[in-house]
Peer 1: 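Let me begin by handing over the structure; questions about it come next.
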Amino acid sequence: MLLLDRETVQRVYPVSAAIPVMAEAMRRYSGGRAAQPLRTIVRPPHETGLLGSMPGHVAGEEHAGFGVKVMALKPENPARGLDLHIGMVIVFDPDTARPVGLLDAGAVTAVRTAAVSAVATDALARPDAGDLAVLGSGTQARSHLRAMREVRELRRVRVWSRTDAHAYAYRDWAAAELGIEVEVTAGPREAVTGADLVCTTTGSTVPLLDAVDLAPGTHVNAVGSSFPDQRELTAEAVARAELFVDSRESALAESGDIRAALDHGLAPPEHLRAELGEVLLGRHPGRSGPDAVTVYKSLGLGVQDIMSGFAAVEAARSQGLGTTFHLD
């Protein structure tokens with residue numbers, strides 16, 4: 001088995017490499033070539049954190065087989081200087097079922113989530129979209145800036161964070177690491193005013209954006225709120241938009257953004273236009289026109305982690321990286 005720590009995953013599996021792998025992951029999922037249940041979440045009543053598991057199987061000629069992601073979430077970790085999400089991705093040899101890779105799940109999640117948003121942006125955003133607003137300033141906010149510049153030419157970038165110091169740290173990081181100038185804004189509405197590309201990465205429990213905040217033609221990657229008790233968009237914003245998701249089953253069961261629109265009677269289940277994979281397979285045309293507001297609601301799928309795990313292990317082997325160890 002090959003052990004890939006955070007730094008190794010980041011080195012062998014950058015977002016530029018992950019984008020085509022994630023496009024194929026979405027095609028396989030919507031094409032019926034991936035088997036996975038809904039996430040299992042363990043949230044004890046007197047525990048601040050939770051444990052989630054995402055097992056599955058992916059069919060195909062490459063990056064295929066059984067795999068699972070197991071991740072614990074501890075809200076206190078950022079204040080300790082630790083990651084909010086701690087866990088691992090394990091992938092198994094498709095022939096023998098022996099484990100072939102054990103990877104840092106935080107690093108995998110960071111890159112695969114942003115890569116799928118890049119795939120969605122390329123498929124759903126206007127070709128000239130490039131005025132980017134990022135809500136949030138953490139790991140996903142950083143990985144999404146890397147990903148967005150892979151698929152669109154960015155003319156302007158603005159960021160909002162609930163903590164001003166974090167927003168300014170994000171600005172400084174973008175300038176130093178990516179050579180991108182980022183403007184810090186006072187609030188979510190100020191960040192998205194005039195933007196045609198928005199990435200929400202906050203995990204907020206209360207809506208940050210309303211329908212009136214989104215200009216005609218805007219594309220939104222709604223990433224941060226991935227549980228039923230989290231929301232980044234109002235029900236009215238979801239109802240106004242042309243809505244696309246990674247998985248119908250996951251979105252209807254797990255997305256607080258979508259559940260609120262359904263519960264308020266503003267958006268029936270058929271308001272959900274298509275899965276991203278269906279757009280990539282040519283089964284749905286995507287956005288209806290240049291003035292449409294499109295939203296891609298990302299929950300995250302096991303197929304994304306599994307294919308990322310296989311791809312990263314393959315890349316590490318080819319580069320002679322990672323630590324080999326045996327269980328027997």
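As the structure is a prediction and not an experimental result, all values here were calculated from the model. We use all heavy atoms of the structure for the numbers below, so side chains are in, but hydrogens, waters and symmetry mates are not.
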Peer 1: Kindly write out the residues that satisfy side-chain contact (heavy atoms from CB on, under 4.5 Å) with P285, not counting sequence neighbours, or none if the list is empty.
Peer 2: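 If we apply the side-chain contact (heavy atoms from CB on, under 4.5 Å) test to P285, skipping adjacent residues, there are no hits.
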Peer 1: Check side-chain contact (heavy atoms from CB on, under 4.5 Å) between S16 and all other residues, then give those that pass, not counting sequence neighbours.
Peer 2: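 In terms of side-chain contact (heavy atoms from CB on, under 4.5 Å), with neighbours along the sequence ignored, S16 is linked to P14, E150.
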Peer 1: Verify whether one side chain among T234 and D210 offers a donor that lies under 3.5 Å from an acceptor in the other.
Peer 2: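 Yes, a side-chain donor-acceptor pair sits under 3.5 Å.
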Peer 1: With a 4.0 Å cut-off, would you call R155 and D196 a salt bridge?
Peer 2: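 Yes, R155 and D196 are salt-bridged.
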Peer 1: Who pairs with D122 by salt bridge (Lys or Arg N to Asp or Glu O under 4.0 Å), at least two apart in sequence or on another chain?
Peer 2: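 Once residues adjacent in sequence are excluded, the partners of D122 under the salt bridge (Lys or Arg N to Asp or Glu O under 4.0 Å) criterion are R152.
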Peer 1: Under a 4.0 Å N-O cut-off, is there an ion pair linking D83 with K74?
Peer 2: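 Looking at D83 and K74, the cut-off is not met.
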Peer 1: Quick one: list whatever passes ring-ring contact (aromatic ring centres under 6.0 Å, His included) with F310, sequence neighbours left out.
Peer 2: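 With sequence neighbours excluded, F310 shows a ring-ring contact (aromatic ring centres under 6.0 Å, His included) to no residue whatsoever.
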Peer 1: Table please: side-chain donor-acceptor pairs of residues 198-205 below 3.5 Å, with sequence neighbours left out.
Peer 2:
residue : atom : partner : partner atom : Å
T200    : OG1  : E232    : OE1          : 2.7
T201    : OG1  : L135    : O            : 2.8
T202    : OG1  : S204    : N            : 3.1
T202    : OG1  : E232    : OE2          : 2.7
S204    : OG   : V206    : N            : 3.1
S204    : OG   : V206    : O            : 2.6

Peer 1: When you compare the side chains of D164 and H166, does any donor N or O come within less than 3.5 Å of an acceptor on the partner?
Peer 2: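 Absent: no donor and acceptor within the cut-off.
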Peer 1: With sequence neighbours left out, what residues match H284 under ring-ring contact (aromatic ring centres under 6.0 Å, His included)?
Peer 2: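 Listed in chain order: F244.
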Peer 1: Name all residues meeting the ring-ring contact (aromatic ring centres under 6.0 Å, His included) criterion together with Y29; count only those two or more places apart in sequence or in a different chain, and write none if there are none.
Peer 2: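 ring-ring contact (aromatic ring centres under 6.0 Å, His included) list for Y29, sorted by chain: empty.
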Peer 1: Quick one: does E249's side chain get under 4.5 Å of E254's, heavy atoms only?
Peer 2: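 E249 vs E254: side chains apart.
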Peer 1: For S318, give me all partners under side chain to side chain donor-acceptor pair (under 3.5 Å), at least two apart in sequence or on another chain.
Peer 2: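 S318 satisfies side chain to side chain donor-acceptor pair (under 3.5 Å) with no other residue.
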Peer 1: Mind jotting down which residue pairs meet the salt bridge (charged side-chain N to carboxylate O under 4.0 Å, His left out) criterion with at least one end in residues 168-186? Sequence neighbours excluded, please.
Peer 2: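 Every pair satisfying salt bridge (charged side-chain N to carboxylate O under 4.0 Å, His left out) with a residue in residues 168-186: R156-E183.
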Peer 1: Holding to salt bridge (Lys or Arg N to Asp or Glu O under 4.0 Å), I want the full list of residues that pass it with D128, two or more places apart in sequence or in another chain.
Peer 2: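 Once residues adjacent in sequence are excluded, the partners of D128 under the salt bridge (Lys or Arg N to Asp or Glu O under 4.0 Å) criterion are R126.
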Peer 1: Hey, are R27 and E24 close enough for a salt bridge, meaning a charged N less than 4.0 Å from a carboxylate O?
Peer 2: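 Answer for the salt bridge query: yes.
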Peer 1: Show every donor-acceptor pair shorter than 3.5 Å between a side-chain atom in residues 57-71 and any protein atom, with sequence neighbours excluded, or say none if there are none.
Peer 2:
residue : atom : partner : partner atom : Å
K69     : NZ   : T109    : OG1          : 2.9
K69     : NZ   : D305    : OD1          : 3.2
K69     : NZ   : D305    : OD2          : 3.4

Peer 1: Checking side-chain polar atoms at under 3.5 Å, does T193 have a donor or acceptor matched by the opposite partner on D213?
Peer 2: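 Side chains of T193 and D213: no pair found under 3.5 Å.
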Peer 1: Is W173 isolated, or which residues cluster with it under the ILVMFWY side-chain rule of less than 4.5 Å, directly or via members?
Peer 2: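 Once heavy-atom contacts under 4.5 Å are chained together, W173 belongs with L132, V134, L145, M148, L154, V157, V159, Y168, Y170, L178, I180, V182, V184, L197.
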Peer 1: Side chains of N221 and S298, heavy atoms from C-beta outward: is any pair under 4.5 Å?
Peer 2: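 Not in contact.
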Peer 1: Between Y13 and R112, is there a cation-pi geometry (under 6.0 Å to ring centre, at most 45° from the normal)?
Peer 2: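 Judged by the rule (NZ or CZ under 6.0 Å from the ring centre, within 45° of its axis), R112 is not positioned above Y13.
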